[in-house]
Peer 1: 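If you scroll down you'll find the structure; I have some questions about it.
The shown structure was predicted, so the numbers you read here are calculated from the model rather than taken from an experiment. Order of the sequence lines fixes the chain letters, A, B, ..., with proteins taken first and strands second; residue numbering starts at 1 for each chain.
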2 protein chains.
Amino acid sequence: MTRIAIADDHPLITNSIENILNHTGYYTVCGTYESGESLLAGLPEVMPEVLILDYHLPDQNGAQLARSIAYYYPGIKILVLTGFDKPGLLSEMLESGCSGYLLKTSAKTDVLLEALQTICKGGIYIDKSLKEIFAENLHRTHAAQIKEEGLRLTKRELEILGLIVNELSSQEIADRLFISKKTVDNHRSSIIMKTGAKNNFALMKIAIDLKLI
Amino acid sequence: MTRIAIADDHPLITNSIENILNHTGYYTVCGTYESGESLLAGLPEVMPEVLILDYHLPDQNGAQLARSIAYYYPGIKILVLTGFDKPGLLSEMLESGCSGYLLKTSAKTDVLLEALQTICKGGIYIDKSLKEIFAENLHRTHAAQIKEEGLRLTKRELEILGLIVNELSSQEIADRLFISKKTVDNHRSSIIMKTGAKNNFALMKIAIDLKLI
DNA sequence: CCAGCCATAGGTACCAATCCCTATTTTACT
DNA sequence: AGTAAAATAGGGATTGGTACCTATGGCTGG
């Protein structure tokens, strides 16, 4: 019997999961919690193998909570449940030490058990419906890319932008590339004009978008 | 027989994977490619169900390549192979439409087959050893957090840093906070002194670390 | 072959940011 | 209540980046 704890502030969800798990014969629910605080207080006693964690608990940030638990109880595997996916949440939770990521809309019996099985074997389980979400985003970014083609930066401009955001002054860039500071300034102006950047910080954001950093 | 294509510039790896797959009886290798260009040229003819894609192809960026393929051939499932994990690569590849992410060091027979099985069923497979990498990072960030406590920025300084990196000039910040530009400049100096930042761009990086952006 | 783009370079002027100071008031902690 | 830290404000000098010009040599595609 694998011991599972559940943290969710909706008793209906907690009950539903508890029912599903108890009917398997493989899993036993050893604790249910409605807040981050009660969860942290209860964990040392029950020490489950897996924690099913709602991302949106009322009192604590889900990622921070997961980080704390993953840090202090490295043996506990965390399956995150979230009502809706937002960009970056998946990677944030994975990097916070979670082993699984499920949307509540897909958390039906078979999916939940499949996820738990994968996690218990030491694997990482990711909700399949994320593939569709990513695919939609692909179409969005593809459209944005085409739009950007118009005001594309030249090779030299990209090179100089890379140096700018690496904290070099125009003079330093000039020395490194064996060109005059004036030329660097001109390139800089072109970059600013093409990108519509207001100042250095806007440039930095663009560089981040272009993955120069 | 599920049709698999392989893109990797190391023939040894391609051969090894081909051998593994051919011995299963379930999979057949319908094409091998050593560059992004030849891959894109060959795909329309062979149309595999799964593409095993090396992230580090000589001629193209792995993420862009994956995006193109996921965009133009939404039916092809992509399993990414990478020699080493770097932060953000996993989420980048997932968001580029990939269904699986494997480190070459863990790509042994059983793992490879498990990954392919998951992917063919429409799932997402993530290398288990990433859990350990994430766990290490957890310890790093935790340590870094403690270290940063020493030269902590004051509330006001954090507030102003937030505005600075949101592209506001000192004057604009002064107007918004109803203080003089001089005060803003002084806070700016304190921030620069405390953080050791050389200029705006270093500040931006610090703000990113502090999650102000 | 020529038009257009790119990379190169310089001049001038302006403004924003930075450095190096001093100094007052407010807040927080002992 | 008293002290330290934080937030406020200013002067003056310097540096760095930006705007708006002109101009030339090299490469490329129609």
Side-chain angles (χ1 to χ4, degrees), chain A residues 145-213, chain B residues 37 59 145-213:
Chain A
Q145 247 177 15
I146 290 170
K147 206 173 120 195
E148 275 171 26
E149 305 278 324
L151 36 112
R152 187 165 18 206
L153 300 181
T154 67
K155 247 193 255 175
R156 196 58 152 175
E157 285 164 352
L158 275 177
E159 184 181 9
I160 287 177
L161 177 56
L163 294 172
I164 288 175
V165 298
N166 271 303
E167 303 165 34
L168 275 70
S169 70
S170 291
Q171 189 56 62
E172 286 169 331
I173 295 172
D175 293 343
R176 177 175 301 204
L177 299 182
F178 305 107
I179 59 180
S180 98
K181 174 180 172 300
K182 267 295 162 193
T183 306
V184 177
D185 283 336
N186 285 335
H187 284 305
R188 190 186 214 116
S189 298
S190 306
I191 295 168
I192 288 174
M193 192 194 51
K194 283 184 184 176
T195 58
K198 180 180 159 193
N199 59 21
N200 287 341
F201 294 105
L203 272 191
M204 176 71 87
K205 289 183 183 172
I206 288 161
I208 291 171
D209 282 347
L210 294 175
K211 312 238 148 76
L212 292 179
I213 296 187
Chain B
E37 205 186 330
D59 59 338
Q145 251 174 13
I146 291 170
K147 204 176 124 195
E148 274 171 25
E149 307 277 324
L151 39 109
R152 189 167 19 208
L153 300 180
T154 68
K155 249 193 252 173
R156 195 58 153 175
E157 285 164 351
L158 275 177
E159 184 182 7
I160 287 176
L161 176 54
L163 294 172
I164 288 175
V165 297
N166 271 301
E167 303 165 34
L168 275 70
S169 70
S170 292
Q171 189 57 60
E172 287 169 330
I173 295 172
D175 293 343
R176 178 177 299 204
L177 299 182
F178 305 108
I179 59 180
S180 98
K181 175 179 172 302
K182 262 299 165 190
T183 306
V184 176
D185 283 336
N186 284 335
H187 284 305
R188 194 193 280 263
S189 298
S190 304
I191 295 168
I192 289 174
M193 193 193 50
K194 283 185 184 175
T195 58
K198 182 180 159 192
N199 58 21
N200 288 342
F201 294 103
L203 272 191
M204 177 70 87
K205 289 182 184 172
I206 288 161
I208 293 171
D209 282 346
L210 294 176
K211 309 223 176 335
L212 291 180
I213 296 186

Peer 1: For the pair made of CD in A:Gln171 and C1' in D:dT18, what is the distance, rounded to whole Å?
Peer 2: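 From A:Gln171 CD to D:dT18 C1': 16 Å.
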Peer 1: Rounding to 10 degrees, work out the angle separating the end axes of the helix from C:dC1-D:dG30 to C:dT30-D:dA1 (five pairs an end).
Peer 2: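 Overall, the helix from C:dC1-D:dG30 to C:dT30-D:dA1 bends by 60° from one end axis to the other.
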Peer 1: Could you tell me the boundaries of the chain A footprint on DNA chain C, defined by atoms under 4.0 Å from its heavy atoms?
Peer 2: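 Using the under 4.0 Å cut-off, the span is C:dC6 to C:dT12.
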Peer 1: Does B:Ile173 have any side-chain contact (heavy atoms from CB on, under 4.5 Å) partners at least two apart in sequence or in another chain, and if so, which?
Peer 2: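 Only B:Ile160, B:Leu163, B:Ile164, B:Leu168, B:Leu177, B:Val184 meet the side-chain contact (heavy atoms from CB on, under 4.5 Å) criterion with B:Ile173.
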Peer 1: Without decimals, in angstroms, what is the distance between A:Arg188 CZ and D:dG16 P?
Peer 2: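 A:Arg188 atom CZ is separated from D:dG16 atom P by 11 Å.
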Peer 1: Can you list the residues that meet the side chain to side chain donor-acceptor pair (under 3.5 Å) rule with B:Glu37, with sequence neighbours excluded?
Peer 2: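 Result, side chain to side chain donor-acceptor pair (under 3.5 Å) vs B:Glu37: none returned.
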Peer 1: Kindly give the atom pairs (protein nitrogen or oxygen, nucleotide nitrogen or oxygen) under 3.5 Å for nucleotides 8-12 of chain D.
Peer 2:
residue, atom, partner, partner atom, Å
D:dT8, OP1, B:Arg156, NE, 3.1
D:dT8, OP1, B:Arg156, NH2, 2.5
D:dT8, OP2, B:Arg156, NE, 3.1
D:dT8, OP2, B:His187, NE2, 2.8
D:dA9, OP2, B:Ser180, N, 2.5
D:dA9, OP2, B:Thr183, OG1, 3.0
D:dA9, N7, B:Asn186, ND2, 2.9
D:dA9, N6, B:Asn186, ND2, 3.1
D:dG10, OP2, B:Ser180, OG, 3.2
D:dG10, O6, B:Asn186, OD1, 3.4
D:dG11, O6, B:Lys182, NZ, 3.2
D:dG12, O6, B:Lys182, NZ, 2.8

Peer 1: Dump the intermediate steps for side chain to side chain contact (heavy atoms under 4.5 Å, CB included) on A:Ile179 and A:Arg156, then the final yes or no.
Peer 2: CA-CA 12 Å; A:Ile179 59 180; A:Arg156 196 58 152 175; 3.7 Å; yes
Peer 1: Can you check the A:Asp185 CG to D:dC21 P distance for me, whole Å?
Peer 2: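 Checked: the CG to P distance equals 17 Å.
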Peer 1: Taking only residues two or more places apart in sequence, or in another chain, which ones meet B:Ser169 in a side-chain contact (heavy atoms from CB on, under 4.5 Å)?
Peer 2: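 Expected list: B:Gln171, B:Glu172.
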Peer 1: Restricting to non-hydrogen atoms, name the atom on B:Ala174 and the atom on B:Ser180 that form the minimum distance, rounded to 0.1 Å.
Peer 2: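 B:Ala174 and B:Ser180 have their closest heavy atoms at CB-C, 3.7 Å.
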Peer 1: According to salt bridge (charged side-chain N to carboxylate O under 4.0 Å, His left out), does anything in residues 182-193 of chain A pair up with another residue at least two apart or in another chain? List the pairs.
Peer 2: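 Residue pairs passing salt bridge (charged side-chain N to carboxylate O under 4.0 Å, His left out), neighbours aside: A:Lys181-A:Asp185.
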Peer 1: Send over the distance from A:Lys155 NZ to D:dT28 P, rounded to a whole Å.
Peer 2: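 My rounded result for the distance is 10 Å.
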Peer 1: Quick one: list whatever passes side chain to side chain donor-acceptor pair (under 3.5 Å) with B:Asn186, sequence neighbours left out.
Peer 2: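 Partners of B:Asn186 by the side chain to side chain donor-acceptor pair (under 3.5 Å) criterion come out as none, since no residue qualifies.
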Peer 1: Checking A:Glu157 against A:Lys194 for the side chain to side chain contact (heavy atoms under 4.5 Å, CB included) test, could you report, in this order, the C-alpha distance in whole Å, the side-chain angles of both residues, the deciding distance, and whether it holds?
Peer 2: CA-CA 10 Å; A:Glu157 285 164 352; A:Lys194 283 184 184 176; 2.8 Å; yes
Peer 1: Specify the separation, in whole Å, of atom CD of B:Glu159 and atom P of D:dA7.
Peer 2: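 My rounded result for the distance is 9 Å.
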